[in-house]
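This report concerns only the one structure given below.
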Protein chains: 2
Amino acid sequence: MDAIDLRLVELLRTNARLSFAELARQVGLSAPAVHERVGKLESSGVIRGYRAEVDPEAVGLGVTAMIGVVEESTTDADDLQAVLKGLPEIESCYFMAGVESFLLTVRVGTIAELERLIVRLNRTPGVASTRTAIALSAKWENRPRPLSA
Amino acid sequence: MDAIDLRLVELLRTNARLSFAELARQVGLSAPAVHERVGKLESSGVIRGYRAEVDPEAVGLGVTAMIGVVEESTTDADDLQAVLKGLPEIESCYFMAGVESFLLTVRVGTIAELERLIVRLNRTPGVASTRTAIALSAKWENRPRPLSA
DNA sequence: ACAGGCCGTGGATGCCATCGACCTCCGGCT
DNA sequence: AGCCGGAGGTCGATGGCATCCACGGCCTGT
């Protein structure tokens, strides 16, 4: 993980579809060398995958919300996590410090769908309560931070 | 935006580095046809870009937190948003319903860095107060939701 | 019926991905 | 010091891919 690897990560973070030849030009190595480095970054888990970033509204997921989940004290967080994983509306799931054990970012098509999701969450065993905040708009999301280090 | 477009979006969302030839095989069209469709999806804004997903710890950003920002009533949200945009630690920024006008997801290397960021936020004009919650771990992030519609 | 636009296909061409052979540097051992 | 082995690089070759272009079929409105 040297400076060139970091540079490759940054380039791919900004545009995951750059060709190896183009990456090679940017970092001053040959294409096979870059190919091998990127392969190692992938298999070592530094690069987890490549995602197209899509306008959520364009695919019918215009409603974004954050839901804090407080657990019942009797239950196991792992069990609850497993249940949450089965809900496709949950885009991200963080285990948090604080009263709310989980913070979920959720993407649905309509407010009605959000309501159904909240009801379902409150009914699932292990959930004591939820608190949801609705995003009116995303100013920006998943902005890649310049990697200086 | 027909079923084939949706399929292409879903494929690229899962693996943004698929070749046009491979996409073509998956959807049953020719490579040039797919090339043209994807080009239109990009220029119409459905596809915003392609991002490598990186293990944050591997690039020295092991601390994730969510910060709610409540605005002073006298200030303009746009001005505050502009200031926030200048802080590279802020990965995502949502304008929210509720007391906290903005919800930020933040990525830093150390707790000390987080502390400095919070202090800076509280000092910026227009910010009345902040509330931060620290993520102990990310169970999953930016999971692509299967697009059935 | 027909003209025009949209969207597709197929072929051609130059670039790219990827493999293998080899080179170079460096650290550790004899 | 000299040697050995490994890591990581370059170069050249080759097969596949991206991309341009000409062409054709189908829907739609006249």
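Within every chain, numbering begins at 1; the chains are lettered A, B, ... in the order of the sequence lines, protein sequences first and strands thereafter.
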Donor-acceptor contacts, no H, no angles, side chain residues 49-59 of chain B, under 3.5 Å, sequence neighbours left out:
residue: B:Y50; atom: OH; partner: B:E42; partner atom: OE2; Å: 2.5
residue: B:R51; atom: NE; partner: A:R13; partner atom: O; Å: 3.3
residue: B:R51; atom: NH1; partner: A:E53; partner atom: OE1; Å: 2.5
residue: B:E53; atom: OE1; partner: A:R51; partner atom: NH1; Å: 2.6
residue: B:E53; atom: OE1; partner: A:R51; partner atom: NH2; Å: 3.2
residue: B:D55; atom: OD1; partner: A:R48; partner atom: NH2; Å: 3.3
residue: B:D55; atom: OD1; partner: B:E57; partner atom: N; Å: 3.2

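- Put simply, CG on A:D5 is 14 Å from C1' on D:dG9, counting in whole angstrom units.
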(request) Sugar-phosphate atoms are those with a prime plus P, OP1 and OP2; base atoms are the rest. Using that split, label each nucleotide of nucleotides 21-26 of chain C B, S or - for protein heavy atoms under 4.0 Å, 5' to 3'. (result) ------
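- Among pairs with a residue in residues 115-126 of chain A, those fulfilling salt bridge (charged side-chain N to carboxylate O under 4.0 Å, His left out) read A:E89-A:R120, at least two apart in sequence or across chains.
- Looking at B:I134 and B:I111, their side chains come closer than 4.5 Å, going by heavy atoms from C-beta outward.
- Axis deviation across the helix from C:dA1-D:dT30 to C:dT30-D:dA1 amounts to 20°, comparing end segments of five pairs, rounded to 10 degrees.
- Under the salt bridge (Lys or Arg N to Asp or Glu O under 4.0 Å) criterion, B:E91 pairs with B:R107, sequence neighbours left out.
- Counting heavy atoms from C-beta outward, B:L121 and B:T132 have side chains that stay 4.5 Å or more apart.
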(request) Take B:E100 and A:R131, measure what salt bridge (charged side-chain N to carboxylate O under 4.0 Å, His left out) needs, and give me the verdict at the end. (result) CA-CA 14 Å; B:E100 297 172 349; A:R131 178 185 62 91; 5.5 Å; no
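- Residues meeting the salt bridge (Lys or Arg N to Asp or Glu O under 4.0 Å) test with B:R143, sequence neighbours left out: none.
- DNA chain D is contacted by A:R37, A:K40 of residues 37-54 of chain A, taking any non-hydrogen atom closer than 4.0 Å.
- A:M1 has its CE atom 18 Å from the C1' atom of D:dA7, to the nearest Å.
- Here C:dC7 presents its C1' atom at 10 Å from CG of B:L29, a figure rounded to the nearest Å.
- For the pairing with B:D2, the salt bridge (charged side-chain N to carboxylate O under 4.0 Å, His left out) check across B:K40, B:R37, B:R7 returns one residue only, B:R37.
- Looking only at side-chain heavy atoms (C-beta outward), A:R17 and B:L12 come within less than 4.5 Å of each other.
- Distance A:D2 CG to D:dA7 P: 16 Å, rounded to the nearest Å.
- With rounding to whole Å, A:E36 atom CD is found 15 Å from D:dG6 atom P.
- Listed by chain and residue number, B:E22 satisfy the salt bridge (Lys or Arg N to Asp or Glu O under 4.0 Å) test with B:R25 (two or more places apart in sequence, or in another chain).
- Applying the ring pair (Phe, Tyr, Trp, His ring centres under 6.0 Å) test to B:Y94 and every residue at least two apart in sequence or in another chain returns nothing.
- Every residue two or more places apart in sequence or in another chain that forms a side-chain contact (heavy atoms from CB on, under 4.5 Å) with A:N122 is listed here: A:I118, A:V127, A:T130.
- Listed by chain and residue number, nothing satisfies the salt bridge (Lys or Arg N to Asp or Glu O under 4.0 Å) test with B:K85 (two or more places apart in sequence, or in another chain).
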Under 3.5 Å, which N/O atoms of the protein pair with N/O atoms of nucleotides 13-19 of chain C?
residue: C:dC16; atom: OP1; partner: A:R25; partner atom: NH2; Å: 3.4
residue: C:dA17; atom: OP1; partner: A:F20; partner atom: N; Å: 2.8
residue: C:dA17; atom: OP2; partner: A:F20; partner atom: N; Å: 3.3
residue: C:dA17; atom: OP2; partner: A:A21; partner atom: N; Å: 2.9
residue: C:dT18; atom: OP2; partner: A:H35; partner atom: NE2; Å: 2.4

